[in-house]
Amino acid sequence: MPINMSVYTLTEYINGSFKKLRARVNPMPHGLIGLHAFLGEFGIFAFLWLFVELLSPNAQRVRRAKIAAALGTLLLFAAWLIGGYYYVTYYGPEVKPIIKAGPQPVGHSVFMEVKEHIFLLLPVLSLLTLGLLMHTDVLKDDSSRKAALLLSMLIILIGLSMAGMGYVISTSFRAALEGMHAVPA
Amino acid sequence: MKLRALFHAGIASMLLTAALTVWGELSAGFKTLLTGVTGHHWVTKGVISLVVLAGVYALLSLVYDERFNAEKETRNVLLSAVLAGIVISGFFVWHFLSA
């Protein structure tokens with residue numbers, strides 16, 4: 001930005017910058033966010049399925065619980081890959097600066113930062129749950145069954161908090177975009 | 001599979017993720033170092049969490065026997081996950097409010 005600028009030209013400069021920014025930003029949600037949310041939510045549903053199967057287990061339910069654990073783990077890893085690609089390729093360079101310049105910077109500075117880092121616990125917890133189910137007999141060992149129930153409950157709670165934080169981040173982005181569009185042309 | 005080794009590796013991975021996150025935010029040099037490994041600090045933290053999980057499991061598997069107390073180990077995993085979550089959340093809230 002030029003240093004010697006009158007108030008008038010400064011206003012024109014800012015308005016011009018917003019116009020360029022508006023032209024560059026697509027306000028439609030990126031398809032990868034939808035895919036990330038789909039994979040993550042179905043991963044959480046898989047652990048909810050596991051939880052229900054283990055409430056009153058028999059041999060068939062334990063077999064289904066193992067399938068749910070494997071499926072949930074795969075879905076969470078896929079959500080990690082897709083979400084990570086979107087985060088590094090699109091969110092960081094395009095969305096983050098807009099949220100931080102908007103009326104709700106907390107959407108990135110707290111919610112996105114917390115979400116992206118706490119998410120890293122989920123693949124680890126899912127692998128522990130899968131390992132536990134595959135290598136213990138939950139029909140004979142009730143403490144292993146309770147352990148699998150507790151781990152899956154923690155995965156479900158963290159997963160629900162991911163969805164909630166995703167909503168806040170989207171809201172912050174939308175608020176920032178609305179602020180940009182409110183600038184007079 | 002030695003479940004005690006797996007659970008302890010999981011605890012190490014989750015607590016290290018929290019520690020790396022806070023350290024990276026407090027030290028620009030360390031964050032740059034993390035970024036230099038894969039091109040993005042968050043990707044590096046994710047890779048480290050898996051490498052630590054696999055590496056610590058492999059090491060502890062050599063040391064531990066087959067004993068596994070599901071109740072005790074699960075309680076430790078839950079406490080570690082909650083602690084990691086509180087450290088990460090608390091740090092970013094503090095960081096935002098103090099900026």
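Chain letters run A, B, ... following the sequence lines, proteins first, then strands; residues in each count from 1. The analysis underlying the following values was restricted to heavy atoms, covering all of them including side chains, and did not include hydrogens, waters or symmetry mates. Being a predicted model, the structure only gives us computed values, none of them experimental.
Separating the NE2 atom in A:His135 from the NZ atom in B:Lys2 is a distance of 13.0 Å, to the nearest 0.5 Å. Note that CD of A:Glu116 and CD1 of B:Ile88 are 10.0 Å apart. Values are rounded to the nearest 0.5 Å. A:Lys146 NZ to B:Thr74 OG1: the interatomic distance, rounded to the nearest 0.5 Å, is 12.0 Å. Of the inter-residue distances, the one linking A:Phe119 atom CZ with B:Ser49 atom OG reads 10.5 Å to the nearest 0.5 angstrom. A distance of 11.0 Å separates OG of A:Ser143 from CD of B:Glu73, quoted to the nearest 0.5 Å. To the nearest 0.5 Å, atom CD of residue A:Glu113 and atom CZ of residue B:Phe91 are 9.0 Å apart.
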### Task
Run the numbers on B:Leu50 and A:Phe77 for side-chain contact (heavy atoms from CB on, under 4.5 Å), then give the verdict.
CA-CA 11 Å; B:Leu50 289 183; A:Phe77 270 85; 4.1 Å; yes
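Within the 4.5 angstrom heavy-atom criterion, only side-chain atoms of A:Leu125, from C-beta onward, approach chain B. Interface residue A:Leu154: only side-chain heavy atoms are found under 4.5 Å from chain B. For B:Val43, the part lying near chain A is the side chain, with the backbone staying farther off; criterion is any non-hydrogen pair under 4.5 Å. Neither the backbone nor the side chain of A:Tyr85 comes within contact range of chain B; no heavy atom of the residue lies under 4.5 Å from a heavy atom of that chain. With a threshold of 4.5 angstrom between heavy atoms, A:Tyr87 approaches chain B through side-chain atoms but not through N, CA, C or O. If you measure heavy-atom distances from B:Thr17 to chain A, the contacts under 4.5 Å come from the side chain alone.
Of the residues considered (B:Leu97, B:Val82, B:Leu3), B:Leu3 shows the highest number of contacts with chain A, using heavy-atom pairs under 4.5 Å. For the set B:Phe68, B:Trp42, B:Phe96, the entry with the most heavy-atom pairs within less than 4.5 Å of chain A is B:Trp42. Contact count against chain B (heavy-atom pairs under 4.5 Å) is highest for A:Leu128 among A:Ile118, A:Leu128, A:Val106, A:Val110. Top candidate by heavy-atom pairs under 4.5 Å with chain A, chosen from B:Glu25, B:Lys45, B:Glu71, is B:Lys45. Ranking B:Gly46, B:Ser80, B:Ala18, B:Ala99 against chain A, the residue ahead of the rest is B:Gly46, based on heavy-atom pairs under 4.5 Å.
Screening A:Leu121, A:Val124, A:Leu120 for a side-chain contact (heavy atoms from CB on, under 4.5 Å) involving B:Ser13 leaves a single residue, A:Val124.
Connection of A:Leu150 to A:Ile158 is established within a shared hydrophobic cluster, with ILVMFWY side chains joined at heavy-atom distances below 4.5 Å, either directly or through further cluster members. A continuous path of ILVMFWY side-chain contacts below 4.5 Å connects A:Phe38 to A:Tyr91, so both sit in one hydrophobic cluster. Hydrophobic clustering (ILVMFWY, side-chain heavy atoms < 4.5 Å, transitive): A:Leu127 and B:Ile48 are in distinct clusters. There is no path of hydrophobic side-chain contacts, each under 4.5 Å, that joins B:Leu79 to A:Met153. The hydrophobic clustering, which links ILVMFWY residues whose side-chain heavy atoms are closer than 4.5 Å, places A:Leu81 and A:Ile155 apart.
Counting non-hydrogen atoms of other residues, nucleotides and ligands closer than 6.0 Å to OH of A:Tyr167 gives a total of 12 or fewer.
The aromatic rings of B:Phe92 and A:His117 lie parallel to each other, with less than 30° between the two planes, well short of the 60° mark.
A heavy-atom distance below 4.5 Å is found between the side chains of B:Phe7 and A:Leu132.
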